[in-house]
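Take a look at the structure set out below.
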Amino acid sequence: MSAVAFCLCLITTHELSQRMRQKKKLAKAEEQQSQADTAQMPSLKKPYLGPPLTMGSQHSIYFCQSLKDHSARLGSEFFDQPAISLARAFLGQVLVRRLGDGTQLRGCIVETEAYLGPEDEAAHSRGGRQTPRNRSMFMKPGTLYVYIIYGMYFCMNVSSQGDGACVLLRALEPLQGLETMRQLRSTLRKGTISRALKDRELCSGPSKLCQAFAIDKSFDQRDLAEDEAVWLERGSQEPSASAVVAAARIGIGHAGEWAQKPLRFYIRGNPWVSVVDKVAEQDTQA
DNA sequence: TCCCCGATGCGCT
DNA sequence: GCGCATCGGGGAG
């Protein structure tokens, strides 16, 4: 069933059955997402292979990613640095996702958060906690830590140097495969009526980018330096130190003094960032 | 544009 | 049984 037909079907039902169908839709979407990595995605359009579909005047002035060099994959040595350093180093690099049908998605990293390990009260590894869920936080630098949040979304982290330390990817500037991302986001979104998502809504949040890049729990514990379906490439231009804003992390109000530490990093003035912190921007003058 | 709030179910204590 | 590294819709300004 196409997404449109599916939505029309939902609109005509009363609320109770609507809720039941929402659940079915979510289950179907999750199934489709899993299949995306291993098989065909018949409902998805062919990827856009032209120049980056960025938003003209709103495109970041700090860098412009070229699509020419596809061989610049970052190796394990890149990930072998402390979380704060890695979180900064990620900015301007390009996340690449190859789907089962060969479609490639690309996005430039514009926002990250560092989680420092056992000492960090906001980290899942606080106090040295090691559980089946967060095991990948303790694995070699470059290992993906993907977990489920609020029972319905995924967040994607990359293990860094230091036991239990990692970097959360919070926002990307979509560069290639925007229509596929839009399809993936629309299919996986909660709710019944799918309005068309704006480009800025595709990857401006940790779970949004997971949806747009078809990243799910099956990516947990994968090696970003070696995996065939997801990797990182060096961007054509990295932001200068003064173009990077250090702000408090998002959604960790329970973490006491650690909630205030400037461990979120984003590119100043970049329209693809999920949450702008004007006070932090004043504190870290350009 | 910002704020509020409900959805949702896994993982941990 | 409770909390959560989120998201999106709706309403106010």
Side-chain angles (χ1 to χ4, degrees), chain A residues 7 10-11 15-16 18-27 29-30 33 58 83-84 86-87 90 109 111-118 120-137 144-160 164-172 181-182 184-198 200-213 215-218 220 247-256 258-266 271 273-279:
Chain A
C7 289
L10 291 176
I11 292 167
E15 192 177 349
L16 184 60
Q18 199 171 46
R19 287 285 301 279
M20 293 174 67
R21 286 166 191 269
Q22 281 180 30
K23 283 197 170 187
K24 285 183 181 176
K25 180 182 176 184
L26 187 61
E30 285 175 349
Q33 179 167 330
Q58 289 180 303
I84 292 176
L86 184 62
F90 269 147
I109 298 172
E111 182 183 353
T112 61
E113 284 180 2
Y115 288 85
L116 306 189
D120 186 347
E121 285 299 318
H124 291 170
S125 55
R126 61 186 174 276
R129 286 176 172 81
Q130 197 172 162
T131 66
R133 178 178 70 147
N134 71 0
R135 182 164 176 269
S136 39
M137 295 182 86
L144 291 182
Y145 169 41
V146 180
Y147 67 90
I148 299 171
I149 182 78
Y150 293 98
M152 51 202 290
Y153 301 112
F154 297 101
C155 287
M156 175 186 187
N157 301 254
V158 182
S159 168
S160 71
C166 67
V167 176
L168 170 70
L169 303 187
R170 280 198 59 90
L172 307 176
M181 294 180 199
R182 210 181 317 275
L184 283 162
R185 287 272 289 117
S186 298
T187 305
L188 295 170
R189 269 163 67 207
K190 180 177 61 133
T192 55
I193 304 171
S194 296
R195 63 179 173 83
L197 286 170
K198 297 172 184 172
R200 282 166 80 159
E201 297 175 300
L202 293 176
C203 304
S204 56
S207 298
K208 293 178 186 176
L209 72 86
C210 284
Q211 289 183 338
F213 275 64
I215 299 289
D216 61 19
K217 185 71 177 170
S218 71
D220 187 42
R249 293 171 291 184
I250 303 293
I252 52 163
H254 62 284
W258 282 88
Q260 304 304 319
K261 292 185 185 291
L263 294 172
R264 182 167 69 98
F265 304 97
Y266 67 85
V273 167
S274 70
V275 180
V276 169
D277 187 330
K278 290 176 182 172
V279 175

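On a predicted model such as this, the values are computed, not experimentally measured, just so you know. Note on naming: letters A, B, ... go to the chains in the order of the sequence lines (proteins, then strands), and numbering restarts at 1 for each one.
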Exercise for the section: Under 4.0 Å between any heavy atoms, over every strand shown, what does Ile250(A) touch: base, sugar-phosphate, or nothing? Just pick one. Expected result: sugar-phosphate
Practice task
Verify the contact: side-chain N or O of Arg264(A) to OP1 or OP2 of dA5(C), cut-off strictly under 4.0 Å; return yes or no.
Solution key: no
Handout entry: Options dA5(C), dT8(B), dT6(C), nucleotide nearest the side-chain atoms of Met152(A)
Key = dT8(B)
Handout entry: Nucleotide of dG8(C), dC12(B), dT6(C) approaching Lys208(A) most closely (side-chain heavy atoms)
Key = dG8(C)
Problem - Nearest-neighbour nucleotide for the Ile149(A) side chain, dT13(B), dC2(B), dT6(C) considered - result: dT6(C)
Handout entry: Value rounded to 0.5 Å, distance of CD1 in Ile149(A) from SG in Cys210(A)
Key = 11.5 Å
Exercise for the section: Check the geometry between Tyr153(A) and dT6(C) and answer yes if their rings are stacked (centres below 5.5 Å, planes below 30°), otherwise no. Expected result: no
Problem - Secondary-structure stems, DNA chain B, at least 3 Watson-Crick or G-U base pairs under 3.5 Å - result: B:1-7 with C:6-12, B:9-12 with C:1-4
Handout entry: Glu113(A) side-chain N/O to Ile250(A) backbone N/O, donor-acceptor pair under 3.5 Å
Key = yes
Completion exercise
CE of Met156(A) to CG of Asp216(A), rounded to nearest 0.5 Å, is 11.0 Å
Exercise for the section: For Arg133(A), answer base if it contacts any base atom (sugar-phosphate contacts may also be present), sugar-phosphate if it contacts only those atoms, and nothing otherwise; contact means non-hydrogen atoms under 4.0 Å. Expected result: sugar-phosphate
Fill in the blank from the handout: Distance col, row Cys155(A):SG vs Ile215(A):CD1, nearest 0.5 angstrom, shows 12.5 Å
Practice task
Kindly indicate whether a cation-pi arrangement holds for Arg249(A) with Tyr115(A), taking the cut-offs as under 6.0 Å to the six-membered ring centre and within 45° of the axis.
Solution key: yes
Problem - dA5(C) base stacked by Tyr115(A) (centroids within less than 5.5 Å, tilt under 30°) - result: yes
Exercise for the section: Measure from the side chain of Ile252(A), starting at C-beta and using heavy atoms only, and say which of dC7(C), dA5(C), dT13(B) lies closest. Expected result: dA5(C)
